[in-house]
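All remarks here apply to the structure that follows.
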Amino acid sequence: MYKTHSCGEIRSAHIGQTVTLAGWVHRQRDHGGVTFIDLRDRSGLVQIVANPAAPNLEMIQNVRSEWVLQVTGEVRRRPAGAENPNLPTGEIEVDVKVCEVLNPAKPLPFMISKDEDTEESVRLKYRYLDLRRERMQRNLKLRHKVIKFMRDYLDEHGFIEVETPILFKTTPEGARDYLVPSRVHPGCFYALPQSPQQLKQLLQVAGTERYFQIARCFRDEDLRGDRQPEFTQLDLEMSFVHRDDVLALVEGLFTAMIPAVTPHKRLLSSPWPMLTYTEAVDRFGSDKPDMRFGMELVNVGDIFAASDFMVFQATLKAGGVIKCLVVPGCAAYTRKEVDDLTTFAKEQGAKGLATLALTAEGVKGTAQKFVRPEEVAALQQRTGAKEGDLILFVADQRAVANKTLGQLRLLFRDRLNLADKDLMAFAWVVDFPMFEWNEEDKKWDAAHHPFTMPKMEDLPKFDTNPAEVLSDAYDMVCNGYEMASGSIRIHRRDIQFKIFQLLGIQEADIQAKFGHLLEAFEYGAPPHGGMAPGIDRLVMLLADEPNIREVIAFPKNQAARDLMADAPSTATDKQLRELHIKVDMPQE
Ligand code: ASP
């Protein structure tokens, strides 16, 4: 071994011992002929001291940041006044006897020892250097802890981990597939799984009963927001379960895991609240509500049933709703601030925004002229609004009003600092619609995925009113993020076939794409269900990071490129010939 101890583990108990350490030069400085080096390995830092009398002083004086050294020396107490209480090794230093350079380093593109604002593209190009930084080391360790906890917990609960293929066939989750050409079957392609969905269901047909996998998923999506072309899920599936069995298992896992891996985080409630999809959208304007704070949307249509306000009247007549949000302490907002909110509301799709400010001098705001005192009183009664508050109204179609006020709610969460980052507000959202209308293709899409079981009592509505069919799908949400989706699955061939048909898949295609699954269902498929919490987003939240790239060792950038290895890149003519592929470049 190159070392007898790790840099970060040396304490005053080691005083007098000779130790050999190996690591990177974190910092180097000279002080009146004495050279100090902070030597770093993954356990931390320790101070190395070379006196003017040190045998290879000149060499030590010439080392630079990030050189790799092996140092042998004696541990001694730091002189009085020179201790560093901020460092676990701050009481001691190592008086160097032998120092060897294991490898020098070029000047670096950015400092490892300082958490400076380096451009992300530079960090990603030199990811192996970026990962040396304390913050990234911390994130990698946390990720490891989370995954280890999951594995151990599920093992204790009778699950077995099964690896499923990466080279497979289309497994739709609403994105495009990544295709891999086959050399030995010209013109044929594997698809990388968008999730192991079908495979884990087939494992239930295979009698596994409790399966999990730390699974890589591949989805070729236009990279909106915080997405990666490949990402990791804790994929799990169980046989002979109802919805609540799956939820209890996952809730138990997360409730035990959070304090174990991040003791400073608190769960808002235990057991977790459960909302229906409709309730979540009505109360919070989102199917992934941030429940760390209140500020719920309130329906006030009835209060304004006889309103003189034209906009309110017209909306109610057209079957729309009037909903509002009470923003605490913002009654003094200026005209400009209110205009900005209106612009924001319009960007969310609303026609406009009406406001009432409850000031000490009376009611103000854009709706003030049109509201009667008794309406204001009723409003205050219903919403709890008090002097100093600003009330925001959206009168529109229900979906638009919910979405707009939901987004305003999040805007004020951030602006007024309403949500504690160390609070984890987990909740279940259940009873999702089974289908979503795809306006572009004029057809129904599966709201979750096509393997989700519809509510049995809704089966008769299949042909008459697909929009009203609910499914046995559920989401786990936390702090405004969707953390996991899952469902009870279809295990009957006839229902699965019908769903594929409803989704507009031609019979020949159903057979070609999913024939294996349909056939499997005819050989004694047990009732089953499961879900798949996303690991990247979870670790991101636990690490207080702003995006998932910070918790993935080698992420792609937002244009789906690996900047370090420069992937994707072109293939050689020979490779293409072997794959029977001709590239037809787009005309610029
Ligand atoms: N396969 C689903 C997904 O990737 C999760 C599940 O239904 O278990 O979202």
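Atoms within a ligand are numbered from 1 in the order they appear, just like the ligands themselves. All of these numbers come straight from a predicted model, not from anything done at the bench. FYI, the numbering just counts along the sequence from 1.
- At the top of the distance list for atom 5 (C) of ligand 1, counting protein heavy atoms only, stands Ser485 O, 3.4 Å.
- For Phe159 and Tyr211, the ring centers are positioned 6.0 Å apart or more.
- The atoms of ligand 1 that sit less than 4.0 Å from any heavy atom of Lys200 are 6 (C), 8 (O).
- Taking 4.0 Å as the cut-off, Gln194 does not count as a neighbour of ligand 1 on heavy-atom distance.
- For Arg489, every heavy-atom contact with ligand 1 shorter than 4.0 Å involves the side chain, none the backbone.
- Any N or O atom pair closer than 3.5 Å counts here, and Ser487 shares no such pair with ligand 1.
- Under 4.0 Å from ligand 1, not a single heavy atom of Glu237 appears.
- Taking every heavy atom of Glu173 and a limit of under 4.0 angstrom, the matching atoms of ligand 1 come to 1 (N), 2 (C), 3 (C), 4 (O), 9 (O).
- Heavy-atom distances between Gln233 and ligand 1 reach below 4.0 Å in at least one pair.
- If you run side-chain contact (heavy atoms from CB on, under 4.5 Å) between Leu325 and each of Val394, Leu405, Thr404, only Leu405 comes through.
- When non-hydrogen atoms are compared, ligand 1 lies under 4.0 Å from the backbone of Ala532 as well as from its side chain.
- Put simply, part of Arg219 is less than 4.0 Å from ligand 1, judged by heavy atoms.
- Both cation-pi conditions hold for Arg409 and Phe293: the charged atom is under 6.0 angstrom from the six-membered ring centre and inside a 45 degree cone around its axis.
- Annotation: Phe218 is not in aromatic contact with Tyr178 [ring centroid separation under 6.0 Å not met].
- In terms of polar-atom proximity, Asp235 is not counted as a contact of ligand 1, lacking any N or O under 3.5 Å from an N or O of the ligand.
- In terms of heavy-atom proximity, Met291 sits nearest to Ala427 at SD-CB, 3.7 Å.
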